Undergrad: 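One structure, pasted below without further comment.
Nothing here was measured: the structure is a model prediction, and the numbers come from that model.
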Amino acid sequence: IDDGPTLTHGGMPFGAGFVLAKQMGAAEIVDPRQAAKGSLVGVFQKFQHLEKVLPAMGYDEHQIKDLEETVRGVDCDCVITGTPINLENVIDVGKKCVR
């Protein structure tokens with residue numbers, strides 16, 4: 001999970017979390033698009049350059065819920081976050097999380 005504005009409005013295809021996953025030798029970086037819920041479906045449709053990163057979109061209660069449901073729906077062993085805030089204080093990641 002990477003910083004939403006960096007990935008969307010900033011146009012970056014990846015952020016700090018993706019870089020950390022690569023540096024740590026992640027066996028696989030999972031594509032979160034199939035697990036997208038609610039407003040995140042539209043985010044992936046609008047920002048088609050995003051493939052193996054999940055933008056942290058959570059500007060209101062609904063987006064926060066969509067983010068949590070999306071993260072919990074991704075089949076992975078660990079979540080790496082490259083966001084300015086600790087997402088575990090905002091959502092229930094439901095699996096091991098590394099910042």
Undergrad: Minimum heavy-atom separation for Asp2 to Gly82, with atom names?
TA: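 Looking at all heavy atoms of both residues, the closest pair is OD1-CA, 3.5 Å.
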Undergrad: Is it the case that one hydrophobic cluster holds both Ile85 and Ile80, taking links as side-chain heavy atoms less than 4.5 Å apart, direct or via other members?
TA: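 Different hydrophobic clusters.
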Undergrad: For the CG atom on Asp60, are there more than 12 heavy atoms of other groups (residues, nucleotides or ligands in this structure) within a distance under 6.0 Å?
TA: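 It does: Asp60 CG has more than 12 such atoms within range.
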Undergrad: Pairs under 3.5 angstrom only: tabulate donor-acceptor contacts from the side chains of residues 10-32 to other protein residues two or more places apart or in another chain.
TA:
{"residue": "Asp31", "atom": "OD1", "partner": "Arg33", "partner atom": "N", "Å": "3.0"}
{"residue": "Asp31", "atom": "OD1", "partner": "Arg33", "partner atom": "NE", "Å": "2.9"}
{"residue": "Asp31", "atom": "OD2", "partner": "Arg33", "partner atom": "NE", "Å": "3.0"}
{"residue": "Asp31", "atom": "OD2", "partner": "Arg33", "partner atom": "NH2", "Å": "2.4"}

Undergrad: Any chain of hydrophobic side-chain contacts (each under 4.5 Å) joining Leu40 to Val79?
TA: yes
Undergrad: For Gly4 versus Pro55, what's the shortest heavy-atom pair and its separation?
TA: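 Looks like CA-CB, 3.9 Å.
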Undergrad: With the threshold set at 4.0 Å, does a side-chain nitrogen-carboxylate oxygen contact exist between Glu61 and Lys65?
TA: no
Undergrad: Show every donor-acceptor pair shorter than 3.5 Å between a side-chain atom in residues 89-99 and any protein atom, with sequence neighbours excluded, or say none if there are none.
TA:
{"residue": "Asp92", "atom": "OD1", "partner": "Arg72", "partner atom": "NH1", "Å": "3.4"}
{"residue": "Asp92", "atom": "OD1", "partner": "Gly94", "partner atom": "N", "Å": "3.2"}
{"residue": "Asp92", "atom": "OD2", "partner": "Arg72", "partner atom": "NH1", "Å": "3.2"}
{"residue": "Lys95", "atom": "NZ", "partner": "Val71", "partner atom": "O", "Å": "3.2"}
{"residue": "Lys95", "atom": "NZ", "partner": "Val74", "partner atom": "O", "Å": "2.6"}
{"residue": "Arg99", "atom": "NH2", "partner": "Thr83", "partner atom": "O", "Å": "3.2"}
{"residue": "Arg99", "atom": "NH2", "partner": "Pro84", "partner atom": "O", "Å": "3.4"}

Undergrad: Does anything in residues 37-55 form a side chain to side chain donor-acceptor pair (under 3.5 Å)? List the pairs, not counting sequence neighbours.
TA: Ser39-Asp66
Undergrad: Do Leu50 and Tyr59 belong together in a cluster built from hydrophobic side chains that touch within less than 4.5 Å?
TA: yes
Undergrad: Spell out, yes or no, whether Met57 and Ile1 are grouped together once hydrophobic residues are joined by side-chain heavy atoms under 4.5 Å, including indirect joins.
TA: yes
Undergrad: Step through the shown structure and confirm whether more than 12 heavy atoms of other residues, nucleotides or ligands are within 6.0 Å of CG on Asn86.
TA: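 Yes, CG of Asn86 has more than 12 neighbouring heavy atoms, counting only those of other groups under 6.0 Å.
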